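In what follows, a structure is listed as structure tokens, so that the remarks can point back to it.
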Amino acid sequence: MLRFVVRRLLQAVPTLLVLSILLFAWLRSLPGGPATAMLGDKATPAKIAQLNQVLGLDQPIYLQYLRFLRRVLTGDFGNSLVSGDPVVEEIGRAFPATIELSVVALIIAVGLGIPLGYLAARYRGRMLDNVTVVGTLVGVAVPVFFLGYLLKYVFANTLGWFPPSGRQAVDIDATHVTGFFVLDGMMTGEWDAAWDALVHLVLPGLALATIPLAVIVRITRASVLDVVNEDYVRTANAKGLAPGTIRGRHVLRNALLPVSTTIGLQTGLLLAGAVLTEKVFNWGGLGSLLAEGIDRKDYPRLQALILLAAFVYVVVNLLVDISYAIIDPRVRVR
Amino acid sequence: MVHTRTARWRRLAVIGVTAAVALSLSACAQSQRGAGGSGNVGGTMVFGVAGAPKNFDPIFNDDGESFRPIRQMYETLVTYKPGTADLAPGLAKSWESTPDGKTWTFHLQQGVKFHDGTPFNAAAVCFNFDRWFNMKGAAAQSQMIYYGDVFEGFAHNEGDTTGQPLYKSCEAKDDGTAVINLNKYKGALPAAFGLTSLSISSPDALKKYDADKVTQSGDSFEYSSYATEHPTGTGPFKFGGFDKANGTITLVRNDDYWGQKAKLDKVIFKIIPDENARKQELRSGTIDGYDYPSPADYKSLKDDGFNVAVRPAFNILYLGINQKNNPALRDLRVRQAIAYALDRDSLVRNKLPEGATVATQFMPKAVAGYADDVQQYPHDVNKAKQLLAEAGASNLTLQFYYPTEVTRPYMPNPQEIATVLAESLKEAGINVQLVPRPWNGGYKDDVQKAGKQDLHLLGWTGDYNDAGNFVGTFFGREKAEFGFNDPSLFAEIAAADGTVDPAQHAAAYQQVSRDLMSRYLPAIPISNSPPAFVVNKKIHGLVPSPLTDERWGPVSKD
């Protein structure tokens, strides 16, 4: 198993290297540049040229790339052009925000998705099934930002049940240790801060969960319907096993294989969804960093973020493969 | 059976280890509550802002998001009367210059202390001016945008900085008198002494936190801890912290402030980049106000009981004309025809925010140099056609560049503005090809560097009350944006800028304004659009400033 993991990680190295070259070339071929963005209204061609010279952006692109690569190998991704902070520090700060949000979204999606999908399959063709199928269609089709605004309008502005945006009320004076605000509140015993952070998570968590939830419901439903008709289920029935055992051990367990693949892929997509959700809910995570980085042509930040995203994708796929091995012993044996 | 028991043990072990880790973590985490912040007497105001500040060292900043907190923590020698662009005493009670405009004497306020308790005096003023002039390093110099604009050069220019320095020396005659010597007169002074970038910092803090150290890391800059954690000025608020994880900047009242002390205990600027999110936070009461509401929301915000404060307009939107690519545009009659063809009244009425006005010249009315009697170009399609015919340019086709993915205070909706203007031009028989380009994706390169366009939209927000800051910026020298080289115009502007006497200075610029509108017409002024902010009914005393230079000191909250 360990060898498998190491080999897969080593395979990621050339992938990331090629990606970094493409990324570097692509970012620098975009019109406009960080100097224009940094100088804003007061940008004159002379000032842009001066800043480009100071930043080394007037040098040949391969030289710039080699310089970048040399620094990255020492763990230095440079400083953000927008905030001036080291990019690694910025990402470290934003990472917990996105993870916190994604975990909540994933808990909602998986926690609701698998039971709903299973129930829809079990009561196939009945009311519950029909409602679920239509609901998932809508869930997949509604854009995240629209749903976000809708949730905010109804639950924050009209009903006032939840805060409209942000991660924590500004006047709560919370101590931040890990950057996971809920966890921080629990660790420091500031329970009001933890609760406040949790309340702030509800609406963005729901908005971000919608698409993966819909996908998981559909895949679970389809997968369960497949498995129910397998020979071994019929055999188990014939042997007179308790229905609960058949459902749990024979149907659901086997049906979960494609579902876990889906969850893995959806986890990657959550990061994409987070860009929009974070914008709508003013969530200071990786998505906000990325959006601002694109807007301001923040090369160092974009390079680090996109490479990080690629790395996360590789790791998540690896985790999916490992989970296969756990759910399906045949994979492990092979 | 054995198998199941092992699994159960393993599960228990996992739970045990997790609990142990959580416990040990909570043992090292200590609540830091009560470490800062004062009582609840004056209250806290939370204001939504669009972006994060770059840092808090005034000299290395040039954008509104950084200036907003800096203006509460720092002060300048000269400042502006609230709600105007007129000069008022700041850290200097009064000031005067010699007739040649080369020596400026500042009589300083007494009993002023920096936030670190050190005294503000003439030596501190000179320390700041000397620091700027002697700044080392291409990286640091490249970030001193406003200093570079006003003082033109450094003791040792580095990188691409080439200007001859305006600054010569500073003498502390006594504790309360600072004298600044310049190599030549500059029209921007004394107004430019009020620029937020030229705020006075505590010399002790500058030295202690190594403020001059701007290092370049790869493609970007790194600032000292003075700029990021220890900004130390004399203002009514002190730095309380920048919580980057939660996107808030906290300022706390300076109880030792020399002037009228701030009423609020705390001001929190909350960063909310999305304009819609700012609006929803205001409506749900989590913030007390925000900057730059969309003009489309003014009415509904007012209907809901919010106070939309429109700033006096201190900007200009113009339709640029590039004479380089199309020879017809070199004919004054053709440029005048374009001016007559534009229906600016209808544009301002239908597409621009409340309070916007048609611009008759290249500076807003508040600027000394604005002339009431410039040549006017009312909407007149027949006159436009007639002028085009006279110039033999009846079949004119023009590339009209406009920016997308941007709103500026002077240009809330570039696409709509460009469409309306293009329609008016078509009515006068001019063929217009609209060319949209993303603002951060090459628009400024195309129009200001490459000069690809025939017509384009651009504008400017004034930094201080001087005509040179407007017309000098646009037409003071040859620029690819306008594609003409007219030494007589450049000389006229330079002469106006070099006129020391305030009355003659204004008169000279008024003549520039008249000549620009009648003899040169290198572009067409379109409009002045005031940006606004919005606050709820509990907030009082936040006075809208044309320079977006609002001060939170006198602000109170019910």
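Quick caveat: nothing in here was measured; it's all calculated off a predicted structure. Reckoned from all heavy atoms, side chains included, excluding hydrogens, waters and symmetry mates.
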Can you tell which part of [X] gets under 4.5 Å to a heavy atom of chain B, answering side chain, backbone, both or neither?
X: Val170(A); value: both
X: Tyr149(A); value: both
X: Asp298(A); value: neither
X: Ser288(A); value: neither

**Report entry** Best-contacting candidate, Asn55(B), Ile271(B), Thr250(B), Leu458(B), against chain A by heavy atom pairs under 4.5 angstrom
**Finding:** Ile271(B)
Query raised in the report: Relative to chain A, which of Thr228(B), Asp243(B), Asp63(B) shows the most heavy atom pairs under 4.5 Å?
Result: Asp243(B)
Query raised in the report: What do the steps show when you test Glu222(B) against Asp85(A) for side-chain contact (heavy atoms from CB on, under 4.5 Å), and what is the final call?
Result: CA-CA 7 Å; Glu222(B) 201 166 341; Asp85(A) 292 341; over 6 Å; no
Query raised in the report: If you look at every heavy atom in Ala169(A) and Asn246(B), which pair is closest and at what distance?
Result: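 Smallest interatomic distance, heavy atoms only, reads O-ND2, 4.2 Å.
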Less than 4.5 Å to any heavy atom of chain A: does that hold for the side chain of [X], its backbone, both, or neither?
X: Asp446(B); answer: neither
X: Lys54(B); answer: both
X: Glu481(B); answer: neither
X: Ile272(B); answer: both

**Report entry** Candidate pair Phe281(A) and Asp274(B), rule side-chain contact (heavy atoms from CB on, under 4.5 Å), full reasoning
**Finding:** CA-CA 9 Å; Phe281(A) 288 97; Asp274(B) 185 52; over 6 Å; no
Report summary line: For residues 196-203 of chain A against chain B, heavy atoms under 4.5 Å, the residues are none
Query raised in the report: Under 6.0 Å from the OH atom of Tyr65(A), do we count more than 12 heavy atoms belonging to anything else shown?
Result: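 Result for OH/Tyr65(A): enclosed.
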Query raised in the report: Are any non-hydrogen side-chain atoms of Asn282(A) and Arg278(B) less than 4.5 angstrom apart?
Result: no
